[in-house]
Visitor: 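Got a structure for you, written out below as structure tokens; questions coming shortly.
Note: hydrogens, waters and symmetry copies are ignored here, and every other heavy atom, side chains too, is used. Just so it is clear, the structure is predicted and the values come from calculations on it, not from any experiment.
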Amino acid sequence: AMQHDSGAPGLLRVLSDAILGRRMVSVRYNGAALTLAPHLIFLRHGALYLGAFNPDKTWRSVEDHRLGNFNLAGLSEVACLETPFEPITAYDGTPPAEHDEVLVCVEKTPA
């Protein structure tokens with residue numbers, strides 16, 4: 001039988017591996033199936049969030065690319081894909097907001 005990780009520890013492990021390995025993830029977020037490029041996991045007011053880029057969203061231009069914040073409580077069926085990704089240009093490794101605490105983040109390659 002396949003092991004299914006349910007709950008935060010399993011989610012965190014899969015997402016952390018994906019972030020560090022720069023691999024896309026498939027998730028279900030509040031019922032919707034998404035494929036995301038996970039950039040960081042951060043803590044905001046005691047809740048865990050994933051900062052991820054959604055390439056399937058309609059973006060006007062590359063300059064508009066930015067991360068969406070996904071509450072881990074709303075995420076399920078998280079799977080790491082083989083597809084690699086490059087961090088978006090706007091990403092600099094800083095927390096999305098002043099009091100956020102970054103737990104895991106993608107390494108920005110020096111230009």
Side-chain angles (χ1 to χ4, degrees):
M2 272 188 53
Q3 288 293 312
H4 265 291
D5 272 328
S6 61
L11 265 183
L12 272 175
R13 192 165 56 245
V14 175
L15 290 172
S16 300
D17 288 350
I19 288 168
L20 298 174
R22 291 191 186 187
R23 291 283 181 268
M24 301 286 287
V25 290
S26 64
V27 304
R28 201 163 272 286
Y29 188 63
N30 296 334
L34 301 173
T35 302
L36 302 171
H39 283 55
L40 72 162
I41 293 169
F42 62 94
L43 201 54
R44 175 178 290 172
H45 305 306
L48 286 166
Y49 286 84
L50 171 68
F53 174 64
N54 180 356
D56 299 327
K57 210 172 140 172
T58 309
W59 300 96
R60 279 197 304 273
S61 69
V62 172
E63 284 71 49
D64 287 338
H65 286 180
R66 59 184 175 274
L67 302 181
N69 297 330
F70 301 87
N71 191 321
L72 255 63
L75 286 177
S76 62
E77 295 173 39
V78 177
C80 187
L81 307 174
E82 290 297 307
T83 321
F85 71 87
E86 281 299 313
I88 61 171
T89 316
Y91 172 76
D92 60 5
T94 57
E98 196 185 346
H99 297 294
D100 295 344
E101 185 189 341
V102 174
L103 303 180
V104 189
C105 65
V106 105
E107 290 292 323
K108 191 73 165 145
T109 314

Visitor: Please enumerate all residues that pass salt bridge (Lys or Arg N to Asp or Glu O under 4.0 Å) together with D64, with sequence neighbours excluded.
Guide: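 D64 satisfies salt bridge (Lys or Arg N to Asp or Glu O under 4.0 Å) with R60 once adjacent residues are dropped.
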
Visitor: At their closest point, which heavy atom of M24 faces which heavy atom of P84, and how far apart are they?
Guide: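 Distance-wise, the nearest heavy atoms are CG-O, 4.3 Å.
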
Visitor: State, yes or no, whether a side-chain contact exists between L40 and L103 at a heavy-atom distance under 4.5 Å.
Guide: no

Visitor: Do L34 and N54 make a side-chain contact, defined as non-hydrogen atoms from C-beta onward lying under 4.5 Å apart?
Guide: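 Heavy-atom side-chain distance check passes, below 4.5 Å.
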
Visitor: Listed by chain and number, what are the side-chain hydrogen bond (donor to acceptor under 3.5 Å, both in side chains) partners of D100, not counting sequence neighbours?
Guide: R44

Visitor: Taking the side chain as C-beta and beyond, is there a heavy-atom pair between P38 and V104 under 4.5 Å?
Guide: no

Visitor: CG of D17 to CZ of R22: how many Å apart, nearest 0.5 Å?
Guide: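 Reported to 0.5 Å precision, the distance equals 15.5 Å.
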
Visitor: Closest approach of A47 and N71, non-hydrogen atoms and distance?
Guide: CB-ND2, 4.4 Å

Visitor: If the condition is side-chain hydrogen bond (donor to acceptor under 3.5 Å, both in side chains), which residues does S16 pass it with, not counting sequence neighbours?
Guide: none

Visitor: Under the salt bridge (Lys or Arg N to Asp or Glu O under 4.0 Å) rule, collect the residues that match up with R66, sequence neighbours excluded.
Guide: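 With neighbours one apart ignored, the set is empty.
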
Visitor: I'd like to check F70 versus V27 (side-chain heavy atoms, cut-off strictly below 4.5 Å). Are they in contact?
Guide: no

Visitor: If a pair satisfies side-chain hydrogen bond (donor to acceptor under 3.5 Å, both in side chains) and one of its residues is in residues 30-43, list it, with sequence neighbours excluded.
Guide: none

Visitor: Compare every heavy atom of F85 with every heavy atom of A18, then report the nearest pair and how far apart it is.
Guide: O-CE2, 4.3 Å

Visitor: Could you tell me the separation between the CG atom of L36 and the CG atom of L50, rounded to the nearest 0.5 Å?
Guide: 6.5 Å

Visitor: Can you tell me how far the NZ atom of K57 sits from the CZ atom of F53, to the nearest 0.5 Å?
Guide: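 If I round to the nearest 0.5 Å, the distance is 9.0 Å.
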
Visitor: Any side-chain heavy atom of L15 within less than 4.5 Å of one from L72?
Guide: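 Side chain of L15 against side chain of L72, heavy atoms only: contact under 4.5 Å found.
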
Visitor: Taking C-beta and beyond as the side chain, do L12 and I41 meet within less than 4.5 Å on heavy atoms?
Guide: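 When only atoms from C-beta onward are counted, I41 and L12 do touch, with a gap below 4.5 Å.
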
Visitor: Carefully, step by step, assess C105 and Y91 under the rule side chain to side chain contact (heavy atoms under 4.5 Å, CB included).
Guide: CA-CA 10 Å; C105 65; Y91 172 76; 3.1 Å; yes

Visitor: How far does OH of Y49 sit from CG of L75, to the nearest 0.5 angstrom?
Guide: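 Going from OH on Y49 over to CG on L75, the span is 11.0 Å.
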
Visitor: With sequence neighbours excluded, what pairs up with R23 under the salt bridge (Lys or Arg N to Asp or Glu O under 4.0 Å) test?
Guide: none

Visitor: Heavy atoms, side chains only, cut-off 4.5 Å: are F42 and N69 in contact?
Guide: yes

